[in-house]
Amino acid sequence: MSIPPNGTAFLLNPSALPGATRYPHARMIPPSEKATMYISGIAPVTPDGDLEGVNTNADGTWSADIRVQTAAVLKRIEAIIKGASDGKADLHNIVDAVVYLTDIKSQYPGMNEEWNKVWSDRESAPARATIGVRELPDERFLVEVKATAVF
């Protein structure tokens, strides 16, 4: 069996049923000549400065969609990884991630749904922490992700 690009999943109890948990407890990277990339916290902002997942009304009020923002953040992180690796790596090279949410109770299910579209099982998913925070740099940001990738 070949080792996935982001190392081998480690589980404290590998025989336990996966249940709702689709991430490993840790990822093990064998010694090698791989590069390690530390990705800064990425928000749902395009390179042109547009904010994705936010609808602004004529009266100046706004609403935001955690699913759209999460997908946008992951897309941006993938572009960073692909760009830095000359296209040789992607989201599946992430070994560790920290997800910051401004309302963990209401936003976690939507964020996790988008996350699981990329990583459908614990064997491929990076180690992850999800943290509720009071605020992010822009009040319209619902999510920010910081990650580490190897390739």
Side-chain angles (χ1 to χ4, degrees), residues 1-29 34-56 62-133 136-151:
M1 183 165 114
S2 67
I3 296 174
N6 65 342
T8 304
F10 173 79
L11 302 167
L12 288 173
N13 183 0
S15 62
L17 295 175
T21 304
R22 291 195 175 169
Y23 57 90
H25 294 113
R27 301 229 41 110
M28 302 295 294
I29 307 300
K34 291 186 176 188
T36 302
M37 172 187 271
Y38 300 93
I39 302 159
S40 299
I42 302 299
V45 180
T46 68
D48 297 332
D50 294 329
L51 183 56
E52 294 186 83
V54 175
N55 295 315
T56 304
W62 56 271
S63 62
D65 184 322
I66 188 62
R67 287 172 179 82
V68 174
Q69 286 199 3
T70 301
V73 167
L74 293 176
K75 179 181 170 185
R76 203 92 54 249
I77 291 172
E78 183 163 52
I80 292 166
I81 294 169
K82 282 184 174 185
S85 69
D86 294 325
K88 296 176 186 143
D90 59 22
L91 290 174
H92 294 282
N93 291 80
I94 295 175
V95 294
D96 184 52
V98 179
V99 179
Y100 301 96
L101 298 173
T102 57
D103 184 349
I104 199 162
K105 287 182 182 179
S106 69
Q107 297 164 352
Y108 184 87
M111 176 281 300
N112 205 47
E113 182 179 307
E114 290 302 315
W115 188 272
N116 290 338
K117 288 178 182 178
V118 176
W119 296 283
S120 60
D121 59 50
R122 293 187 302 197
E123 291 304 312
S124 65
R128 181 184 86 188
T130 305
I131 301 170
V133 295
L136 291 168
D138 184 306
E139 67 180 0
R140 299 167 297 171
F141 293 174
L142 304 181
V143 61
E144 182 173 298
V145 178
K146 179 181 183 342
T148 304
V150 295
F151 51 88

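Just so we're clear, the structure is a prediction, and the values are computed from it rather than from any experiment. Atoms considered below: every heavy atom in the structure, side chains included; atoms not considered: hydrogens, waters and symmetry mates.
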Enquirer: What's the shortest heavy-atom distance between Ile77 and Ile39, and which atoms?
Expert: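 Smallest heavy-atom distance, with atoms named: CG2-CD1, 3.9 Å.
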
Enquirer: Which residues pass the side chain to side chain donor-acceptor pair (under 3.5 Å) test with Glu52, sequence neighbours left out?
Expert: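 Here the qualifying residues are Arg76.
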
Enquirer: The criterion is side chain to side chain donor-acceptor pair (under 3.5 Å); which residues satisfy it with Gln107, sequence neighbours excluded?
Expert: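 Checked Gln107 against side chain to side chain donor-acceptor pair (under 3.5 Å); matches are Thr102.
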
Enquirer: Less than 4.0 angstrom from a charged side-chain N to a carboxylate O is my criterion; do Lys75 and Glu78 meet it?
Expert: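 No salt bridge links Lys75 with Glu78.
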
Enquirer: Just verifying a value: how many Å separate Thr130 OG1 and Tyr108 OH, rounded to the nearest 0.5 Å?
Expert: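 That separation rounds to 5.0 Å.
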
Enquirer: Determine whether Asp96 and Pro126 make a side-chain contact, defined as any pair of heavy atoms from C-beta on separated by less than 4.5 Å.
Expert: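 Not in contact.
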
Enquirer: Determine, step by step, whether Leu101 and Val143 satisfy the side chain to side chain contact (heavy atoms under 4.5 Å, CB included) criterion, reporting the C-alpha distance in whole Å, the side-chain angles of both residues, the deciding distance to 0.1 Å, and the verdict.
Expert: CA-CA 5 Å; Leu101 298 173; Val143 61; 3.7 Å; yes

Enquirer: At their closest point, which heavy atom of Trp115 faces which heavy atom of Ala97, and how far apart are they?
Expert: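 In this case the closest contact between Trp115 and Ala97 is CH2-CB, 3.6 Å.
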
Enquirer: Which heavy atom in Leu142 sits nearest to a heavy atom in Gln69, and how many Å separate them?
Expert: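 Closest pair (atom of Leu142, atom of Gln69, distance): N-OE1, 2.8 Å.
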
Enquirer: Sub-3.5 Å donor-acceptor pair from the side chain of Asn55 to the main-chain atoms of Trp62, do we have one?
Expert: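 No; zero donor-acceptor contacts below 3.5 Å.
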
Enquirer: For residues 138-151, which residue pairs pass the salt bridge (charged side-chain N to carboxylate O under 4.0 Å, His left out) check, not counting sequence neighbours?
Expert: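 Salt bridge (charged side-chain N to carboxylate O under 4.0 Å, His left out) check on residues 138-151 returns Asp138-Arg140.
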
Enquirer: Grab the two heavy atoms, one from Gly110 and one from Ile66, that are nearest each other, plus how far apart they are.
Expert: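 Closest approach of Gly110 to Ile66, heavy atoms only: CA-CG2, 3.9 Å.
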
Enquirer: Not counting sequence neighbours, which residues clear side chain to side chain donor-acceptor pair (under 3.5 Å) with Asp65? List them please.
Expert: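 Asp65 satisfies side chain to side chain donor-acceptor pair (under 3.5 Å) with no residue once adjacent residues are dropped.
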
Enquirer: Determine, stepwise, if the pair Val145 / Met111 fulfils side chain to side chain contact (heavy atoms under 4.5 Å, CB included).
Expert: CA-CA 11 Å; Val145 178; Met111 176 281 300; over 6 Å; no

Enquirer: Enumerate the residue pairs fulfilling side-chain hydrogen bond (donor to acceptor under 3.5 Å, both in side chains) with a member in residues 81-91, sequence neighbours excluded, ordered by first and then second residue.
Expert: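 Matches after skipping sequence neighbours: none remain.
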
Enquirer: Rounded to the nearest 0.5 Å, what separation is found between the CG atom of Asn116 and the OG1 atom of Thr70?
Expert: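 If I round to the nearest 0.5 Å, the distance is 11.0 Å.
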
Enquirer: Met37 and side chain to side chain contact (heavy atoms under 4.5 Å, CB included): which single residue from Ile94, Val95, Ile80 fits?
Expert: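 Filter result, single survivor: Ile80.
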
Enquirer: Can you list the residues that meet the side chain to side chain donor-acceptor pair (under 3.5 Å) rule with Ser106, with sequence neighbours excluded?
Expert: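 Ser106: side chain to side chain donor-acceptor pair (under 3.5 Å) contacts with Asp103.
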
Enquirer: Would you check, one step at a time, whether the test side chain to side chain contact (heavy atoms under 4.5 Å, CB included) holds for Phe141 with Val133?
Expert: CA-CA 11 Å; Phe141 293 174; Val133 295; over 6 Å; no

